[in-house]
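In what follows, chains are A, B, ... by sequence order, proteins preceding strands, each numbered from 1.
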2 protein chains.
Amino acid sequence: MEKLTENLQEPTLGQLLAQVSRLIGRHRQLKLASIGLHHAQGMILSLLCRNDGMSQMELGHALHIRPPTATNTLQRMERDGWIMRQRDPADHRLVRVYLSDKAKDFHEEIRLSFHELDQELNSILDAQERETLRACLEKVNDYLTATVVKHVVDEEIR
Amino acid sequence: MEKLTENLQEPTLGQLLAQVSRLIGRHRQLKLASIGLHHAQGMILSLLCRNDGMSQMELGHALHIRPPTATNTLQRMERDGWIMRQRDPADHRLVRVYLSDKAKDFHEEIRLSFHELDQELNSILDAQERETLRACLEKVNDYLTATVVKHVVDEEIR
DNA sequence: GGTTAAGGATTAGCTTGCTAACTAAAGAGA
DNA sequence: TCTCTTTAGTTAGCAAGCTAATCCTTAACC
């Protein structure tokens with residue numbers, strides 16, 4: 001097995017990013033499994049903790065996920081008792097999302113699950129590296145948000 | 001919408017990583033769509049170009065994916081004519097994966113799709129940043145590989 | 001040699017992401 | 001006012017990741 005890894009050329013930055021991202025997802029899944037959450041759901045709850053009553057579109061924009069993904073995941077979270085969803089009385093197009101009591105009870109555990117990952121990152125990267133990493137990721141994030149989202153807008157216009 | 005983003009606390013490093021990773025996947029998907037490939041399939045083909053005839057287990061180890069994921073994705077790729085799969089005559093437990101002629105024809109396009117992403121990254125990050133980013137990602141990659149995989153092994157032992 | 005353990009792949013069933021196509025509500029303009 | 005466009009969500013259907021459980025082959029051990 002090791003022979004093989006040596007055979008491989010150095011992965012490109014993009015390949016590395018893709019790989020790390022998948023591993024991050026699995027790591028978070030392991031952390032959250034103990035409280036019965038899936039990895040995307042933790043992020044959603046942590047957003048809602050600061051903005052209870054967001055609309056699905058606002059959630060989607062903040063997390064860079066598309067409307068159908070939001071609908072699906074939120075439907076499962078409602079089914080599992082983490083949130084309530086109801087139409088905005090003033091604008092019936094909007095579906096607003098509210099934390100359930102159960103979600104509020106787990107607020108601290110959810111916050112901690114993120115905190116743990118960050119502490120682990122702290123233990124393997126020094127302050128300087130973390131700073132650069134964050135700056136780079138933000139640049140890449142901005143760039144990708146622009147191009148990927150722009151691409152979709154182009155499609156719509158085309 | 002912008003008000004909302006300002007409201008949010010700075011995302012943690014882990015959250016940033018998770019977000020960028022998803023965007024990378026979408027970005028690569030857009031690049032590969034023109035040749036009828038899905039984003040995970042490009043990575044697999046580019047591995048096979050350097051190691052035709054790998055077993056599924058070797059592929060899975062190299063890409064950090066689990067056996068069922070390998071089976072599923074490779075079945076789809078065989079269905080779509082990118083690869084052939086056949087049992088190793090010497091050890092019937094192994095399934096070896098071979099590039100089809102179609103895949104070989106597209107070799108250059110696949111290589112280019114990775115190259116383009118890297119060039120885009122080059123345009124937004126300077127050499128120093130790329131170096132640090134790569135180093136950090138490799139550290140994180142190694143750490144996550146160890147912990148996430150170790151966790152699975154622990155489960156098996158438990 | 002025969003039984004048991006380990007290894008590799010598969011199946012079933014889940015979450016999460018996507019696009020395309022659709023519904024329904026709100027807003028705009030003639 | 002009535003039509004038409006835009007906006008927000010939903011549904012259907014796919015790819016890709018996962019775990020748990022199963023199957024078959026090989027290796028190991030008595």
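C/dG7 atom P lies 15 Å from atom CD of B/E58, rounded to whole Å. Atoms CD1 (B/I44) and C1' (D/dG17) sit 12 Å apart, rounded to a whole Å. Between the C1' atom of C/dG17 and the CZ atom of A/R22 lies a distance of 14 Å, rounded to the nearest Å. Taking atom NE2 of residue A/H38 and atom C1' of nucleotide D/dT19, one finds them 11 Å apart after rounding to whole Å. Between B/H39 atom NE2 and C/dG17 atom P the separation is 12 Å, expressed in whole Å. At whole-Å resolution of the value, CG in B/L59 and P in D/dG17 are 12 Å apart. Following rounding to the nearest Å, B/Q19 (CD) and C/dG17 (P) show an atom-to-atom distance of 11 Å. If you measure from atom CG of B/L32 to atom C1' of D/dA15, you get 13 Å, rounded to the nearest angstrom.
Rounding to the nearest 0.5 angstrom, the gap separating the CD atom in B/Q19 from the CG atom in A/L63 is 6.5 Å.
Heavy-atom distances to DNA chain D give each of B/Q29 and A/R96 a nearest nucleotide, and the one nearer the 5′ end belongs to A/R96.
Under the 4.5 Å side-chain heavy-atom criterion for grouping Ile, Leu, Val, Met, Phe, Trp and Tyr, A/L121 is not connected to A/L112 through any hydrophobic cluster. One hydrophobic cluster holds both B/I124 and A/L133 under the rule that ILVMFWY side chains link at heavy-atom gaps under 4.5 Å.
For the segment residues 74-82 of chain A, the set of residues with a heavy atom within less than 4.0 Å of an atom of DNA chain C comprises A/R76, A/R79, in numerical order.
Taking only side-chain nitrogens and oxygens, B/R26 never comes nearer than 4.0 Å to OP1 or OP2 of C/dG17. An OP1 or OP2 oxygen of D/dT19 is reached within less than 4.0 angstrom by a side-chain nitrogen or oxygen of B/R66. Distances shown here put a side-chain N or O of B/R85 below 4.0 Å from the OP1 or OP2 atom of C/dT10. For C/dG17, the OP1/OP2 oxygens have no side-chain nitrogen or oxygen of A/T69 closer than 4.0 Å.
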Which atom pairs link the protein and nucleotides 4-8 of chain D when you take only N or O atoms and keep those under 3.5 Å?
residue : atom : partner : partner atom : Å
D/dA8   : O3'  : A/R93   : O            : 3.4

Please determine whether side-chain contact (heavy atoms from CB on, under 4.5 Å) holds for the pair A/L117 and A/K31, giving the CA-CA distance in whole Å, both sets of side-chain angles, and the decisive distance to 0.1 Å. CA-CA 9 Å; A/L117 172 54; A/K31 290 280 182 218; 5.5 Å; no
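Checked for salt-bridge contact, A/E131 and A/R134 miss the test: no charged N lies under 4.0 Å from a carboxylate O. The pair B/R111-B/E116 fails the salt-bridge criterion, with no side-chain N (NZ, NE, NH1 or NH2) lying under 4.0 Å from an Asp/Glu carboxylate O.
No more than 12 heavy atoms of other residues, nucleotides or ligands lie within 6.0 Å of CG in B/D101, so this atom counts as exposed by the packing criterion.
Within the 4.0 angstrom heavy-atom criterion, only backbone atoms of the sugar-phosphate kind lie near B/Q41; the bases stay farther away.
Counting heavy atoms from C-beta on, the side chains of A/H64 and A/N141 come closer than 4.5 Å. For the pair B/R76/B/H38, no side-chain contact is recorded, criterion being any heavy-atom separation below 4.5 Å from C-beta on.
Between A/Q56 and A/R85, the side chains place a donor N or O and an acceptor N or O closer than 3.5 Å (distance only, hydrogens not considered).
Among the nucleotides C/dT10, D/dA16, D/dG9, the one closest to any side-chain atom of B/A40 is D/dA16.
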